[in-house]
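Okay, structure first, notes after.
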Amino acid sequence: MGDWVLHVDMDQFIAAVEVLRRPELAGLPVIVGGRGDPSERAVVSTASYEARAFGIGSGMPLKIAARKAPDDAVFLPVDHEAYEAASAEVMTALRALPGIVLEVVGWDECFLGVTSDDPEAVARAAQSAVRDATGLHCSVGIGDNKVRAKIATEFGKPRGVFRLTAENWFEVMGDRATRDLWGVGPKVQKRLAQHGITTVQELADADEQELIGEFGPRMGVWYHGLGSGLGPSVVDDTPWVARSHSRETTFPQNLVDPAQIESALRELAGQAFDDCAAEGRPVVRAHLKVRYAPFETRTFGRKLPEPTTEREVFVAAALALGATLDAAREVRLLGVRAEMTMPDADPIERTPVRGRI
């Protein structure tokens, strides 16, 4: 018997929920985003596998998706309530499995902690439980920690099971690009490449002190360990405590007037702060997201002088960030995020990227 971490990831979750509600859409390119109108400013929330075959993916502007989509593509509006309900059914089905500790990561994914001599059998039981309860399909990654389980899921998609542990880590991942590691984005990949590190094996073999010099004492150690697939292995079923709340909006027409931008920031910052105030936790940092026309996105933040429960203090901090925007550029999207103080007691080991996992 061994202790295992299973990562359950729903296959094309949002699109699958929509097809489940409308069986006639099965096999068609389905694109979900915004209000379902590709002529409006919004981005793709998810695309079915049939749509992905045409190069359509999450985060893509709907207008670009429409240009790539075939004539029989179907555009649908986002229905948060339907996805939340489906997610709840999935998690309920998985919690009913014997001997399982379940940690929810998002609408469409979770970790399962289990002690078993046959983790593949547990994975197949999880897939059957979800399918029987909801009609939806999922893929399951099996690992000896969360990082390896998370990455393993990608090898199992769709509807499959894959095991990735210390034993086969370098055989499977060694020659792959660092970008294939969970938590390594294009910017980090580029910075690693500047040190001659382009593969997972090279990252594992790299000088940790050199990585600390590039990324700092926390992230340098994390990225070095990531090359060997290291990560936390405790699956925690305690409720997730949010680190922040954010609000953002894409404007029907680009904003060019500084007064309009200030008004929008004030409203977004107030909404984000109110979400934090509802939890009774002080705000410690303000973050601003801006998308300049046509589609260049930047984010930056500022720590407050001290934690605050005063709405206007946070709004002022957000407006101060807004004052640094390029006044010569048109603004397509604005977002404000309020980062809160965290509870003192948190015994579970966390990764330094992507929150909980």
Side-chain angles (χ1 to χ4, degrees), residues 42-43 45 59 78 80-81 83-84 87 103-107 109 183 185 187-188 215-219 222 232 236-251 255 257-292 296-327 329 331-357:
V43 298
S45 294
V78 174
H80 291 283
E81 291 185 1
Y83 313 143
E84 289 175 354
S87 175
E103 178 178 331
V104 177
V105 181
W107 265 351
E109 62 176 322
K187 292 182 180 179
V188 171
F215 297 102
R218 188 171 184 230
M219 296 309 301
W222 166 254
D236 173 26
D237 61 359
T238 57
W240 170 238
V241 178
R243 295 173 180 266
S244 62
H245 289 288
S246 61
R247 294 295 187 100
E248 70 175 47
T249 186
T250 299
F251 304 105
L255 298 187
D257 183 353
Q260 289 180 314
I261 294 173
E262 179 178 333
S263 177
L265 281 176
R266 185 179 294 277
E267 181 177 0
L268 291 167
Q271 292 171 343
F273 179 86
D274 291 344
D275 291 339
C276 297
E279 296 197 26
R281 293 159 60 193
V283 175
V284 295
R285 192 175 180 89
H287 298 262
L288 176 61
K289 175 181 178 181
V290 59
R291 180 167 294 148
Y292 294 113
E296 179 188 349
T297 305
R298 295 183 180 179
T299 58
F300 41 99
R302 176 179 298 177
K303 185 177 181 180
L304 303 183
E306 59 183 4
T308 185
T309 56
E310 297 295 326
R311 192 176 197 265
E312 284 307 313
V313 171
F314 176 74
V315 171
L319 292 177
L321 289 174
T324 67
L325 296 178
D326 188 343
R329 304 188 65 178
V331 173
R332 176 188 177 99
L333 171 148
L334 284 172
V336 176
R337 179 162 64 90
E339 186 176 327
M340 300 175 287
T341 57
M342 293 296 288
D344 293 334
D346 187 7
I348 302 302
E349 182 185 7
R350 312 292 183 185
T351 72
V353 294
R354 307 281 183 150
R356 184 169 194 139
I357 174 177

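Each residue takes its place number in the sequence, starting with 1. Since the model is a prediction, treat every value here as computed from it, not as a measurement. Excluded from the calculations below are hydrogen atoms, water molecules and symmetry mates; all remaining heavy atoms, backbone and side chain alike, are included.
Of all non-hydrogen atoms in A317 and L304, the two that sit nearest each other are CB-CD2, 3.4 Å. A269 and V336 get closest at one heavy-atom pair: CA-CG1, 3.8 Å. Between P282 and P307, the closest heavy-atom pair is CB-CB, 3.9 Å. Residues R285 and R302 come closest through the heavy atom pair CG-O, 3.2 Å. Of all non-hydrogen atoms in A338 and V283, the two that sit nearest each other are CB-CG1, 4.0 Å. E84 approaches W107 most closely through the heavy-atom pair CG-NE1, 3.2 Å.
Environment of CD in E296: crowded, with over 12 heavy atoms of neighbouring residues, nucleotides or ligands closer than 6.0 Å.
Residues H245 and Q271 are not in side-chain contact: their nearest non-hydrogen atoms beyond the backbone lie 4.5 Å or more apart. Counting only heavy atoms from C-beta outward, the side chains of R247 and D275 approach each other to under 4.5 Å.
Atom-to-atom distance recorded for L321:CG and L265:CG is 8.5 Å, nearest 0.5 angstrom. With rounding to the nearest 0.5 Å, the separation of CG in L333 from CG in L255 is 10.0 Å. To the nearest 0.5 angstrom, L268 atom CG is 9.5 Å from S263 atom OG. Here CE of M340 is found 10.5 Å from CZ of R243. Values are rounded to the nearest 0.5 Å. From Q260, atom CD reaches atom CG of L334 across 11.0 Å, with rounding to the nearest 0.5 Å. To the nearest 0.5 Å, atoms OG (S244) and NE2 (H287) are separated by 7.0 Å.
Using a 4.0 Å cut-off between charged nitrogen and carboxylate oxygen, E339 and R281 do not count as a salt-bridge pair.
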- Task: Take E312 and R266 through the side-chain contact (heavy atoms from CB on, under 4.5 Å) test and state the conclusion after the steps.
- Result: CA-CA 9 Å; E312 284 307 313; R266 185 179 294 277; 3.7 Å; yes
- Between F273 and V313, does a side-chain contact (heavy atoms from CB on, under 4.5 Å) hold up when you go through it step by step? CA-CA 10 Å; F273 179 86; V313 171; over 6 Å; no
- Message: Does E248 form a side-chain contact (heavy atoms from CB on, under 4.5 Å) with R291? I'd like the steps, not just the answer.
- Response: CA-CA 11 Å; E248 70 175 47; R291 180 167 294 148; 5.7 Å; no
- When you look at F300 and L325, which way does the side-chain contact (heavy atoms from CB on, under 4.5 Å) test go after all the steps? CA-CA 11 Å; F300 41 99; L325 296 178; 3.8 Å; yes
